[in-house]
Number of protein chains: 2
Amino acid sequence: MTEVLKSTRSLNVTEALRELLLQGEFDPGTRLQETWLAERMQVSRTPIREALRVLAKDGLLEYAPNRGYSVRHFSLDDIVSAFRVRSVLEGLGCRLIAERGMSDELTNTLQATLQTGENLLQSGQLERGEFDEWREMNKAFHLAILLETHNELLVRFAKQSRNIPIVFNGSFRWYSLREFHRAHDHHQVIFDAMKNQQPERADFMMQEHVMHAALILKKNYKD
Amino acid sequence: MTEVLKSTRSLNVTEALRELLLQGEFDPGTRLQETWLAERMQVSRTPIREALRVLAKDGLLEYAPNRGYSVRHFSLDDIVSAFRVRSVLEGLGCRLIAERGMSDELTNTLQATLQTGENLLQSGQLERGEFDEWREMNKAFHLAILLETHNELLVRFAKQSRNIPIVFNGSFRWYSLREFHRAHDHHQVIFDAMKNQQPERADFMMQEHVMHAALILKKNYKD
DNA sequence: ACCCGGCAAATTGTATACAATCTTTTCCTT
DNA sequence: AAGGAAAAGATTGTATACAATTTGCCGGGT
């Protein structure tokens with residue numbers, strides 16, 4: 001009954017390579033040669049080429065005809081700019097939902113993530129081991145809102161705007177307990193605003209929330 | 001001295017195919033077979049496949065592993081949703097510029113487009129022949145603002161959000177003279193707001209401007 | 001030493017052959 | 001006739017061969 005997940009080498013290589021790039025496996029500027037990658041990934045050049053083309057379109061690689069692909073460098077400005085874009089996208093998401101009212105399903109989902117956040121904060125210091133749980137919770141919160149908009153392009157762009165090394169995993173390693181609390185407060189206010197159909201407030205708070213993350217990153221990121 | 005524009009069959013095919021799709025050359029749902037396209041485009045399947053992959057990532061095609069690509073259908077909702085996303089993106093663009101103040105270069109460029117718009121409106125009825133000029137002017141106005149932000153992701157997303165059949169060429173065929181005047185007024189207010197460093201006003205008016213275009217499309221588009 | 005042709009090697013671009021998968025048809029069973 | 005395995009055909013996926021282009025190197029001329 002369960003639909004079998006079909007895939008191809010090309011798709012697998014694309015995601016594997018994307019992961020490597022997002023984890024910062026390759027230094028910016030590094031030239032990615034097809035034969036070298038093909039050997040490393042144990043496939044022929046064909047799927048490699050398709051993967052490279054896609055990742056270049058995603059902005060992770062730079063491309064020049066007849067000269068191949070190289071790993072893109074993201075300046076701090078690039079990253080903050082991406083956050084600013086994401087802030088208005090996710091802000092719009094909140095606004096749309098606040099305007100039309102939340103579904104019971106979204107209400108439940110978000111309440112669950114808020115409870116998870118609450119528990120994590122109560123449990124003590126939020127040590128390294130709990131980063132992953134927080135990350136999960138945070139991702140679930142933001143994604144649930146986006147999906148509820150039923151605006152495909154909005155979801156696509158918001159996701160894509162996180163497709164940046166460093167940013168991708170959420171930079172929670174720099175968060176102090178106070179910062180986790182602040183993020184949690186933001187989540188609560190955003191939820192409350194959407195629940196009470198306050199589009200302006202929901203939008204504004206989400207922008208505030210996202211740009212605060214950018215601010216923390218800006219303070220700590222050296223390059 | 002002039003740099004030679006290098007390209008490849010793959011890139012050429014991608015753009016050619018994109019153009020066909022944006023012009024609505026293929027009915028939604030149509031299956032695009034690689035061999036058929038290869039024959040039509042007079043190239044082998046290799047560049048065709050790379051083009052299809054990219055266009056699928058752009059949202060113009062749908063893809064299923066081992067089953068190939070088909071032309072995507074855009075509902076009216078899809079299109080209006082895309083406009084809404086574009087409105088906040090371009091709105092953000094205006095806001096950013098209003099915050100930091102306009103460069104002389106942008107001021108000149110925008111004033112030139114405003115003058116062109118003025119001339120077109122004065123020249124009479126804006127018949128079919130003048131649609132193209134209006135389109136050019138409009139495109140120049142919006143693009144100049146976007147580029148001035150120096151926010152690469154913003155530019156990319158805003159451009160991509162126009163990559164939809166029907167939308168792409170601007171639906172000026174449905175504009176009455178009054179509607180052209182309204183669009184022109186919007187442009188003027190947006191310019192004025194940015195010039196006087198009124199971020200909120202600039203942002204708001206750009207959103208209004210974009211969503212008004214969506215409204216006109218909504219009124220006239222039947223499908 | 002510097003500047004350049006120009007040849008050789010390396011790398012990307014394209015076509016094609018082959019493999020895997022999906023689709024359609026055939027034909028047997030009930 | 002309905003259903004369904006199984007083979008045949010069509011289509012996509014991958015590997016590889018070849019072509020085009022770029023890059024690195026060598027040597028001659030100034």
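Protein chains get the first letters and strands the later ones, always in sequence-line order, with residue 1 at the start of each. Hydrogens, waters and symmetry mates are skipped; everything else that's a heavy atom, side chains included, is used.
- Atom CG in A:Leu32 sits 9.5 Å away from atom CD1 in A:Ile48 (nearest 0.5 Å).
- Contact check, A:Lys6 against D:dT12: no side-chain N or O comes under 4.0 Å of OP1 or OP2.
- Remark: A:Arg31 fails to qualify as a cation-pi partner of A:Tyr69 under the 6.0 Å distance and 45° angle criteria applied to the six-membered ring.
- If you check every strand for non-hydrogen atoms under 4.0 Å, A:Tyr63 touches sugar and phosphate atoms only.
- A heavy atom closer than 4.0 Å to some atom of DNA chain D occurs in B:Arg45, B:Arg49, these being the qualifying members of residues 38-53 of chain B.
- The distance between atom CG of A:Asn66 and atom C1' of C:dT12, rounded to the nearest whole Å, is 6 Å.
- Here the nucleotide nearest the side chain of B:Arg67, chosen from D:dT12, C:dC22, C:dT12, is C:dC22.
- For B:Gln33, the side-chain hydrogen bond (donor to acceptor under 3.5 Å, both in side chains) test picks out no residue, with sequence neighbours left out.
- Ring geometry for A:Trp134 versus A:Phe180: interplanar angle over 60°, hence perpendicular rather than tilted (30 to 60°).
- No donor-acceptor pair closer than 3.5 Å links the side chain of A:Asn119 to the backbone N or O of A:Thr116.
- Considering A:His184, A:His209, A:His186, A:His187 as possible partners of A:Phe141, the one that fulfils the ring pair (Phe, Tyr, Trp, His ring centres under 6.0 Å) test is A:His187.
- Between the CG atom of B:Leu37 and the P atom of D:dT12 there is a distance of 9 Å, given to the nearest Å.
- Mapped onto DNA chain C by nearest heavy atom, A:Tyr69 and B:Pro65 fall at different nucleotides, with A:Tyr69 at the one closer to the 5' end.
- The residue among A:Arg9 and B:Arg31 whose nearest nucleotide of DNA chain D lies closer to the 5′ end is B:Arg31.
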